[in-house]
Amino acid sequence: MNKKVIYGVLAVVVIIALIIGIYAVSNNNNNTPATQNIDLAALNGEIQVKGQYDQMSTMPIDKEVAKSVYEIEENQIEEIIGAMPMMNVHASMYVVIKATDGNVENVKSKLEAYGQSYEQQWERYLPEQYDLVKNRKIGTKGNYVYMIVAKNAGEVEALIK
């Protein structure tokens, strides 16, 4: 009888230790990306080449453009890179924003809203470009929020993740 009690107590202790360990590991993983910094200047060059934006007529996206196009207030943006078409002959574009603390979800929702309106804009225009917009990638990595419209949006997204 005593051995059964001892084994039972040991089993409970092992289970509790496993639960604490799993919680600690998952809690560490959730905090790591938020503290991570991305070299946006280097990333900008990689995206330009990988997404073939360097072969298109684009203009850079800065805080002023983000405010007028995406309706994101400048005080919600710590850093920003991106390129958008100068004329509506192609839909390919990208923007990566390092949001100020506490503004990641707001910035993401602004990009999602813009993505929907951008899709409506291309809906009746050029079918190939419309498909690019429909397959856009919007996401976050820590304090960074991004939107990518490109033929190889998944490959460009991998540069960020």
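Worth saying up front: this structure is predicted, and the values here are computed from it rather than measured.
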For this session: Kindly give the heavy-atom pair with the smallest separation between Ser92 and Leu132, and that separation in Å.
Result: OG-CD1, 3.7 Å
Problem set entry | Nearest-0.5 Å distance that lies between atom CD in Gln129 and atom CH2 in Trp122 | 5.5 Å
Contacts table for residues 72-86: side-chain donor-acceptor under 3.5 angstrom, sequence neighbours left out:
| unit_1 | atom_1 | unit_2 | atom_2 | d |
| --- | --- | --- | --- | --- |
| Glu73 | OE1 | Lys67 | NZ | 3.1 |
| Gln76 | OE1 | Asn106 | ND2 | 2.7 |
| Glu78 | OE2 | Lys98 | NZ | 3.3 |

Exercise. Can you pull the salt bridge (charged side-chain N to carboxylate O under 4.0 Å, His left out) pairs that have at least one residue in residues 54-65, sequence neighbours excluded?
Worked result: none
Problem set entry | Main-chain N/O of Ala153 paired with Asn135 side-chain donor or acceptor, under 3.5 Å | no
For this session: Indicate the atoms forming the closest heavy-atom contact of Ala91 with Val133, along with that distance.
Result: CB-CG2, 3.5 Å
Problem set entry | Pairs involving residues 130-139, ordered by first then second residue, that meet salt bridge (charged side-chain N to carboxylate O under 4.0 Å, His left out) (sequence neighbours left out) | Glu119-Arg136, Asp131-Lys134
Problem set entry | More than 12 heavy atoms of other groups within 6.0 Å of Glu112 CD | yes
Problem set entry | Short side-chain to backbone donor-acceptor contact, Asp39 and Ala42, under 3.5 Å | yes
For this session: Can you see which heavy atom on Tyr70 is nearest to which on Lys110, and at what distance?
Result: O-CB, 3.6 Å
Seminar exercise, completed: Rounded to the nearest 0.5 angstrom, the OH-CD distance for Tyr130 and Gln121 is 12.5 Å
Exercise. Which distance, rounded to the nearest 0.5 Å, do you find between the OH of Tyr114 and the CD1 of Ile138?
Worked result: 10.5 Å
For this session: Determine, using the 4.5 Å side-chain heavy-atom cutoff (strictly less than), whether Val156 and Val95 are members of one ILVMFWY cluster.
Result: no
Problem set entry | Closest non-hydrogen atom pair, Ile38 against Tyr144 | N-OH, 2.9 Å
For this session: Specify the closest pair of heavy atoms between Val107 and Ala99, including all atoms of both residues, with the distance to one decimal.
Result: CG2-CB, 4.0 Å
For this session: Would you check, one step at a time, whether the test side-chain contact (heavy atoms from CB on, under 4.5 Å) holds for Ile47 with Val96?
Result: CA-CA 10 Å; Ile47 291 175; Val96 181; 4.2 Å; yes
Exercise. Distance from Ile97 atom CD1 to Leu40 atom CG, nearest 0.5 Å?
Worked result: 10.5 Å
Exercise. Val149, Leu159: one ILVMFWY side-chain cluster at the under-4.5 Å cut-off?
Worked result: no
For this session: With the side chain counted from C-beta on, respond yes when Tyr118 and Met93 share a heavy-atom pair under 4.5 Å apart, and no when they do not.
Result: yes
For this session: Flag yes if Met59 and Val69 sit in one hydrophobic cluster, no otherwise; membership is Ile, Leu, Val, Met, Phe, Trp, Tyr, and two members link when side-chain heavy atoms are under 4.5 Å apart.
Result: yes
For this session: Compare all side-chain heavy atoms of Glu128 with those of His90 and state whether any distance is below 4.5 angstrom.
Result: no
Exercise. Can you tell me how far CD1 of Ile148 sits from CD1 of Ile160, rounded to the nearest 0.5 angstrom?
Worked result: 4.0 Å
Problem set entry | Distance-minimising heavy-atom pair for Ile61 and Tyr94 | CD1-O, 3.4 Å
